[in-house]
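Here the structure comes first, spelled out in structure tokens, and everything after it is commentary.
Side chains included, hydrogens not; waters and symmetry mates left out as well; all remaining heavy atoms used. Positions are given from 1 along the sequence. All ligand and atom numbering here is 1-based and tracks the order in the structure.
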Amino acid sequence: MSEIIDGKAFADQLSEKLTKEVAALKSELSLQPCIAVVLVGDDPASHVYVKNKVKRCEQLGIRSIEHRMEESTSQQDLLALIASLNENSDVHGILVQLPVPEHIDDKAVLAAIDPTKDVDGFHVQNMGALAVGEPGMVPCTPLGSLMLLKSVLPELSGKHAVIVGRSNIVGKPMALLLLQQHCTVTIVHSRTIDIEAHCRRADILVAAVGIPHFIKADWVKPGAVVIDVGINRIVEDGKSRLVGDVDFDAVRPKTSAITPVPGGVGPMTIACLMHNTIAAAKAQHQQS
Ligand code: NAD
């Protein structure tokens, strides 16, 4: 029987634990974790993401400060805002919602964030720390994916993990996390020859491609654990719905466990953002 990994329930449990941790920080250290969320422009999806993140902060007792900036905001003004947030000791986490408008260099923006406040874990210093196994902020989606994976497969050592996708925010950090867990890791991507053959060797298959139903049933080894990171909106019979990168209904019977979309990795991403914000607040408090 294949288990459906309930990411929403796992994220709710994690959030409950984090809520208690925030309450303890407030009462014992008078410390309220605080995240500044910066949104530039009018991208509708980004507005929804920011709204959800702010709502989740409120539920957990984390303070959030929203900075909404016009689409026409200059890079200089955005960098000036980041510099002031870096300096503000009341702010423990800084998140700039991506994508930023085209005239702004997102690499420069991410590089400007103080790495200790980089709760998204996208700063090169944090990526470097992950690569060499030093402590640092770990990107939220791979971190949440790993937590879900370990909930069904606690011992990962020696497992063959195949990751489909090599983005800086999902594929690469996921590969590094799984290496830390002593997996044998293969990354496949848009230029890989015979992706299916690689996927068929996976004990753990992580899909982070951004193509609906990309992973087919005959690409999956019987008993594999499948983590579907993809979030794709499709229209079928005139109705719009979210699907993952995995052909869920066909693939599920082949697996020992699989994450659904929605309700899998998605809820874990926000929960891990809260986790990182609290960790940042604690680390900065200890340094002060
Ligand atoms: P991306 O576009 O940056 O990267 C996609 C990767 O897939 C690339 O590395 C590319 O090489 C690979 N790829 C593209 N076409 C391919 C093909 N035909 N064959 C093999 N590989 C191919 O995307 P991303 O930011 O990594 O996101 C991937 C998916 O995960 C998207 O659906 C995105 O919406 C979703 N996502 C979900 C969450 C979440 O919270 N659950 C967070 C981030 C991203």
Exercise answer: donor-acceptor pairs, residues 73-80 side-chain atoms, under 3.5 Å, sequence neighbours excluded:
from: Thr73; atom 1: OG1; to: Glu70; atom 2: N; distance (Å): 3.2
from: Thr73; atom 1: OG1; to: Glu70; atom 2: O; distance (Å): 2.5
from: Ser74; atom 1: OG; to: Asp77; atom 2: N; distance (Å): 3.1
from: Gln75; atom 1: OE1; to: Asp105; atom 2: N; distance (Å): 2.9

Are Val91 and Ile278 in one and the same hydrophobic cluster, where Ile, Leu, Val, Met, Phe, Trp and Tyr link if side-chain heavy atoms are under 4.5 Å apart?
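In one cluster: yes.
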Per-pair distances, 0.1 Å, donor-acceptor, side chain in residues 226-233, under 3.5 Å, sequence neighbours excluded:
from: Asp228; atom 1: OD1; to: Gly230; atom 2: N; distance (Å): 3.2
from: Asp228; atom 1: OD1; to: Asp245; atom 2: N; distance (Å): 2.8
from: Asp228; atom 1: OD2; to: Asp245; atom 2: N; distance (Å): 3.1
from: Asp228; atom 1: OD2; to: Val246; atom 2: N; distance (Å): 3.1
from: Asn232; atom 1: ND2; to: Val243; atom 2: O; distance (Å): 3.3
from: Asn232; atom 1: ND2; to: Gly244; atom 2: O; distance (Å): 3.1
from: Asn232; atom 1: ND2; to: Asp245; atom 2: OD1; distance (Å): 2.9
from: Arg233; atom 1: NH1; to: Ser240; atom 2: OG; distance (Å): 2.8

Going by the side-chain hydrogen bond (donor to acceptor under 3.5 Å, both in side chains) test, which pairs reach into residues 194-214, not counting sequence neighbours?
His198-Arg201, Asp203-Lys221
Check whether any side-chain N or O of Lys117 sits under 3.5 Å from a backbone N or O of Ile94 as a donor-acceptor pair, and report yes or no.
no
So, the side chain of Gln97 versus the backbone of Val38: is there a donor-acceptor pair under 3.5 Å, distance only?
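Checking the backbone N and O of Val38 against the side chain of Gln97, no donor-acceptor pair under 3.5 Å is found.
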So if I only count non-hydrogen atoms and take anything under 4.0 Å from ligand 1, which residues does that give, chain by chain?
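If the criterion is a heavy atom under 4.0 Å, then ligand 1 touches Thr141, Gly165, Arg166, Ser167, Ile169, Val170, His189, Ser190, Ile195, Ala208, Val209, Gly210, Ile211, Phe214, Val229, Gly230, Ile231, Asn232, Val265, Gly266, Thr269.
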